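Okay, here's the structure, questions in a sec.
Since this is a predicted model, take the numbers as computed values, not measurements. Quick note: numbers below take in every heavy atom, side chains included, and nothing from hydrogens, waters or symmetry partners. Numbers restart at 1 for each chain; the letters A, B, ... are given by sequence-line order, proteins then strands.
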Amino acid sequence: MLKRTCTCGDTRKENAGETTTLSGWVNTYRDQGKGLVFIDLRDRYGMTQVVFDAEDTPKEVMELGGTLRREDVISVTGKIRDRDGKPNEKLPTGEIELVAKEIEIINRTAKLPILPDDHDADKIGEEHRLKYRYIDLRRPRMQKILQLRHKITQFTRNFFADREFLEIETPLLITPTPEGARDFIVPSRHQAGQWYALPQSPQIFKQILMVAGCDKYLQICKCLRDEDPRADRQAEFTQIDLEMSFIEQDDILALMTEFATSLYKEVGGVDLGNLPQMSWKDAMDNYGSDRPDIRFDLQLADITELAKKTDFKVFNEACDAGGSVKAMRVPGGAEKLSRKKTDAYAEIAKTYGAGGLPVVKYQDGEFVTGVAKFVTPIKEELVEALKLEDGDIVMFGVGTYRVACTALGEVRLAVAKELGLIPEGMFRGLWVIDFPMFDWNEDAGRWVSEHHPFTAPLATHLDILESDPANCLSSGYDLVINGAEVGGGSIRIHNPEVQAKVFGLLGLSQEKAEDKFGFLLNALRFGAPPHGGIAFGLDRLVMMMIGTTNIRDVIAFPKTQTGADLMCEAPGIADPAQLDELGIIMRQPAESTE
RNA sequence: GGGGCGGUAGCUCAAUUGGUUAGAGUACCGGCCUGUCGAGCCGGAUGUUGCGGGUUCGAGUCCCGUCCGCCUCGCCA
């Protein structure tokens with residue numbers, strides 16, 4: 001094999017005259033006739049033009065050059081030539097070209113299903129890109145993403161290694177636990193009928209590492225949750241997982257702020273600024289979300305008390321049921337937002353559980369259209385409360401507190417997008433803190449953890465943990481950037497009695513808690529240090545820095561919405577002998593007989 | 001589990017009201033061309049219209065079912 005002496009990305013003008021060998025894929029070929037063929041040779045590092053020129057290239061090499069097609073793999077040896085007055089300004093190597101003297105055609109390509117060209121690859125159906133991932137990943141854009149992802153993990157390892165964190169692996173085959181996401185399960189051969197679970201996160205293990213005296217832990221690890229995916233969510237994803245001992249919330253937030261801001265600065269070239277803290281309540285109240293996008297203003301106001309004074313049935317029913325009425329003033333919205341638009345926003349509100357989206361315009365000192373007749377009686381107070389100005393539009397979120405907030409919060413995002421209120425290229429982050437410990441789940445008829453069952457209540461709220469769980473706040477915290485949750489964590493419970501109380505509130509009997517989490521409760525009994533930590537979503541960090549909303553773009557081998565890997569065709573059929581060994585009998589689906 | 005969009009040549013798409021032989025660009029194949037750089041020009045080959053059924057003289061088009069992909073609600077401690 002002709003061994004390469006440099007890559008397709010690093011030859012420059014000053015290398016002119018040198019003899020070099022390049023290896024790579026034929027990105028494109030331009031056959032000018034019998035005496036002149038150009039190819040762009042591509043590898044991970046870049047692209048270099050190779051020219052087969054009858055005046056300088058041996059005849060047999062010339063002939064082979066003419067047969068090259070896109071994505072053939074070759075090695076070429078030749079002399080670097082200055083292109084003088086005719087550089088290709090699109091390429092870093094554009095000032096030179098390699099004049100072919102010797103060629104080895106390593107592998108011809110079969111007829112290509114897709115082309116790895118950034119120019120048109122974004123139009124290719126994702127199904128094809130996933131099936132032929134090895135071709136798709138050749139694209140410069142995908143290579144750039146893989147490299148960025150590597151830079152982020154390298155930066156992370158260095159940052160935390162410099163601060164005494166130990167990278168420690170935790171098991172993939174663990175025991176199924178109640179609470180949380182649906183587990184992927186794996187059968188045990190030695191103990192037929194018993195099952196491992198794949199970890200939803202290394203949560204309990206990293207806490208036990210703290211009990212084990214490891215003090216500072218880091219792992220970049222896969223987490224698996226058998227739940228339906230979304231554009232920004234995949235059943236199999238990666239976390240930057242951290243835990244520390246003998247610290248308090250502020251210590252973690254300070255260190256993680258330093259990590260996040262320096263990561264964004266040094267890898268992303270972006271100034272995150274400082275990361276303000278906002279309580280969960282303020283986030284919900286003012287932005288209608290526990291992950292507020294603070295790149296633009298447009299805040300919500302609570303007008304529940306005012307709404308009670310109206311005769312509007314929609315308001316009254318929500319208020320009578322103990323719910324809320326939220327209002328959002330859109331400056332100048334009366335003209336900018338047509339009926340068609342506000343109808344579309346109503347559909348958004350409905351998907352988040354609201355009955356609709358009452359709307360009113362404020363023009364010439366009067367409320368007009370929509371619910372004008374219902375809110376006119378509270379005109380003065382509403383104008384005052386929302387600081388309304390002529391030409392504004394007001395939208396209302398109505399329902400339970402969470403529905404009213406989130407429905408209007410989602411409309412807020414849609415309006416901002418429509419009106420172009422979100423500045424391009426801006427990154428704004430914040431810490432959301434003071435989460436509630438619990439959320440009441442009507443279906444289950446019990447409290448469920450807002451964060452997870454190991455999250456400690458705020459020290460100042462420990463006394464109301466059992467007496468008033470609804471108002472008990474936790475020491476949880478989320479890092480939110482541009483309206484996306486990129487990380488979250490908490491101070492953990494390190495006292496077995498407190499942990500047992502929380503399990504109790506979650507409806508776990510003492511027996512079941514001991515059965516399912518006994519190893520954690522046990523560990524806490526043998527000298528557990530105070531500890532806490534955080535996990536960042538690596539995929540989300542990469543997505544944000546690369547500017548994509550598609551998580552599959554930042555994963556080398558992602559899965560589809562039904563959990564399939566279209567390239568390797570997972571999941572697949574297991575051999576009956578394998579199943580037999582595991583003691584598994586398939587219940588034949590009725591319709592699968594053909 | 002629910003809602004929405006899509007599936008036609010290797011790829012990206014078109015195809016009128018249900019009507020002739022399902023077209024175009026690109027990739028591929030052949031030819032021409034000595035400075036291209038998304039090369040250009042000329043020609044060629046390429047189809048289970050996702051799959052199964054139905055309506056009809058006639059279905060890519062209409063109906064039913066089903067599979068796959070994407071977006072989304074629920075779900076994701």
query: Which sits closer to the 5' end of RNA chain B, A/E410 or A/G180, going by the nucleotide each is nearest to?
result: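 Going by which nucleotide is closer to the 5' end, it is A/E410.
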message: How many whole angstroms separate atom CG of A/D117 from atom C1' of B/rC37?
response: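 About 12 Å, once rounded to whole Å.
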A/H494 side, atom NE2; A/L524 side, atom CG - distance, nearest 0.5 Å: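 Nearest 0.5 Å value for the NE2-CG distance: 9.0 Å.
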message: So A/G353, base contact, sugar-phosphate only, or nothing? Heavy-atom distance under 4.0 Å.
response: nothing
statement: Taking B/rC11, B/rG35, B/rC73 as options, the one with an atom nearest any side-chain atom of A/Y352 is B/rC73
5' precedence on RNA chain B between A/H452 and A/D40 (nearest-nucleotide basis): A/D40
- request: Salt-bridge test for A/R30 and A/D40: reply yes if a basic N is under 4.0 Å from a carboxylate O, no otherwise.
  value: yes
message: Would you say A/T560 places a side-chain N or O within less than 4.0 Å of OP1 or OP2 belonging to B/rG69?
response: yes
Salt bridge present between A/D553 and A/R141 (N-O < 4.0 angstrom): yes
message: Measuring only the P atom in each nucleotide, how far is B/rU17 from B/rG10? A whole number of Å is fine.
response: 28 Å
query: Just checking A/Q200: base, sugar-phosphate only, or nothing, at a heavy-atom cut-off of under 4.0 Å?
result: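 No contact at all - A/Q200 keeps every heavy atom at 4.0 Å or more from the nucleic acid.
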message: Just to be sure I understand the rule, does A/E347 reach a base, reach only the sugar-phosphate, or reach nothing, if contact means heavy atoms closer than 4.0 Å?
response: nothing
task: Between B/rA39, B/rU72, B/rC37, spot the one nearest the side chain of A/T28, thanks.
output: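 Among the listed nucleotides, the one closest to the side chain of A/T28 is B/rA39.
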- request: Could you tell me the separation between the CG atom of A/D565 and the C1' atom of B/rG69, rounded to a whole number of Å?
  value: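 So the CG-C1' distance, A/D565 to B/rG69, works out to 14 Å.
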task: Answer yes or no: is there an ion pair linking A/D228 with A/R233, defined by an N-O contact shorter than 4.0 Å?
output: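 Not counted as a salt bridge, because no side-chain N and carboxylate O are separated by less than 4.0 Å.
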- prompt: Is the shortest side-chain N/O distance from A/H128 to OP1 or OP2 of B/rU12 below 4.0 Å?
  reply: yes
query: Quick one: is A/R552 getting a side-chain N or O under 4.0 Å of the B/rC71 phosphate, OP1 or OP2?
result: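 So the side chain of A/R552 is within the cut-off, an N or O lying under 4.0 Å from OP1 or OP2 of B/rC71.
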query: Any side-chain N or O of A/K123 under 4.0 Å from OP1/OP2 of B/rC13?
result: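 So the side chain of A/K123 is outside the cut-off, no N or O lying under 4.0 Å from OP1 or OP2 of B/rC13.
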message: When you compare the side chains of A/H531 and A/Q207, does any donor N or O come within less than 3.5 Å of an acceptor on the partner?
response: yes
- line: OG1 of A/T93 to CZ of A/R12, rounded to nearest 0.5 Å, is 6.5 Å
query: Taking the C1' atom of each, how far is B/rU49 from B/rA22, in whole Å?
result: 8 Å
- prompt: Rounding to the closest angstrom, what is the interatomic distance between B/rC37 and B/rC42 at atom C1'?
  reply: 22 Å
message: Between C1' on B/rG35 and CD on A/E89, what's the gap in Å once rounded to a whole number?
response: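 A/E89 atom CD is separated from B/rG35 atom C1' by 15 Å.
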Base-pairing mate for B/rC75 - Watson-Crick or G-U, with both contacts under 3.5 Å: none
- request: Assign a letter to each nucleotide of nucleotides 2-9 of chain B from its 5' end: B, base within under 4.0 Å of a protein heavy atom; S, sugar-phosphate only; -, no contact.
  value: --------
message: Quick check: do A/F237 and A/Q239 have side-chain heavy atoms less than 4.5 Å from each other?
response: yes
query: Taking the P atom of each, how far is B/rG60 from B/rC68, in whole Å?
result: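 So the two P atoms sit 25 Å from each other.
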message: Using a distance-only criterion (donor-acceptor N/O pair, under 3.5 Å, no hydrogens), is the base of B/rC75 paired with the side chain of A/R233?
response: yes
- prompt: Contact class for A/A564 vs. all strands (heavy atom < 4.0 Å): base, sugar-phosphate, or nothing?
  reply: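 Here A/A564 touches the backbone only, sparing every base.
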Interatomic distance where CD belongs to A/Q32 and P belongs to B/rC37 [whole Å]: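 Checked: the CD to P distance equals 7 Å.
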task: Give the rounded distance in Å between these two atoms: CG of A/L566 and P of B/rC68.
output: 11 Å
query: Whole-Å distance between B/rC76 P and A/F184 CZ?
result: 14 Å
field: Pair partner, B/rG25 [Watson-Crick or wobble, under 3.5 Å]
entry: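 Result: B/rC11.
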message: Would you measure the distance from the P atom in B/rA14 across to the matching atom in B/rC76 and give it in whole Å?
response: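 The answer is 39 Å between these two P atoms.
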Test: A/K101 and A/E60 ion pair at under 4.0 Å: no
query: Are A/N88 and A/E95 close enough that a side-chain donor and a side-chain acceptor fall under 3.5 Å?
result: no
message: Does a side-chain N or O of A/R230 approach OP1 or OP2 of B/rC73 to a distance below 4.0 Å, or not?
response: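 True: A/R230 side-chain N/O within range (under 4.0 Å) of B/rC73 OP1/OP2.
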message: Does A/D53 reach a base, just sugar-phosphate, or nothing at all? Heavy atoms under 4.0 Å.
response: base
- prompt: Of the nucleotides B/rG69, B/rG1, B/rC11, which has the atom closest to the A/D228 side chain?
  reply: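 From the listed options, B/rG1 comes nearest.
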- request: Go along nucleotides 24-31 of chain B 5' to 3' and tag each nucleotide: B for a protein heavy atom under 4.0 Å from its base, S when only backbone or sugar atoms are that close, - otherwise.
  value: ---SSSS-
- request: Could you tell me whether A/P453 contacts a base, only the sugar-phosphate backbone, or nothing, with contacts defined as non-hydrogen atoms closer than 4.0 Å?
  value: base
Out of B/rG35, B/rC37, B/rG74, whichever nucleotide has its closest atom nearest the side chain of A/R30: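 Of the candidates, B/rC37 comes closest.
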Length of the CG-C1' vector between A/L36 and B/rU36, whole Å: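 From A/L36 CG to B/rU36 C1': 7 Å.
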query: Rounded to the Å, how far apart are A/F237 CZ and B/rC76 C1'?
result: 8 Å
message: Does a side-chain N or O of A/K34 approach OP1 or OP2 of B/rC32 to a distance below 4.0 Å, or not?
response: yes
- prompt: Considering every strand shown, what is the Watson-Crick or G-U wobble mate of B/rC70 when both distances are under 3.5 Å?
  reply: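 Paired with B/rG4.
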field: Qualifying residue for side-chain contact (heavy atoms from CB on, under 4.5 Å) with A/R108, from A/T67, A/V26, A/V73
entry: A/T67
- request: Answer yes or no: is there an ion pair linking A/E71 with A/R42, defined by an N-O contact shorter than 4.0 Å?
  value: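 The answer is yes: the pair qualifies as a salt bridge.
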query: Quick one: do A/D434 and A/K281 make a salt bridge, cutoff under 4.0 Å?
result: no
field: B/rG18 to B/rC13 separation - P atoms, rounded to the nearest Å
entry: 24 Å
message: Using OP1 and OP2 only, check whether a side-chain N or O of A/T562 sits under 4.0 Å from B/rC68.
response: no
Separation of the C1' atoms in B/rU12 and B/rA59, to the nearest angstrom: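 Per the computed distance, 25 Å lies between those C1' atoms.
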task: Identify the nucleotide, in any strand shown, that forms a Watson-Crick or G-U wobble pair with B/rU61, with both distances under 3.5 Å; if there is none, say none.
output: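 Check on B/rU61: unpaired, no WC or wobble geometry under 3.5 Å.
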query: Which whole number of Å gives the distance between the C1' atom of B/rG19 and that of B/rC62?
result: 14 Å
task: Would you give the length of the straight line joining atom CG of A/D183 to atom CD1 of A/I174, rounded to the nearest 0.5 angstrom?
output: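 With rounding to 0.5 Å, CG (A/D183) is 7.0 Å from CD1 (A/I174).
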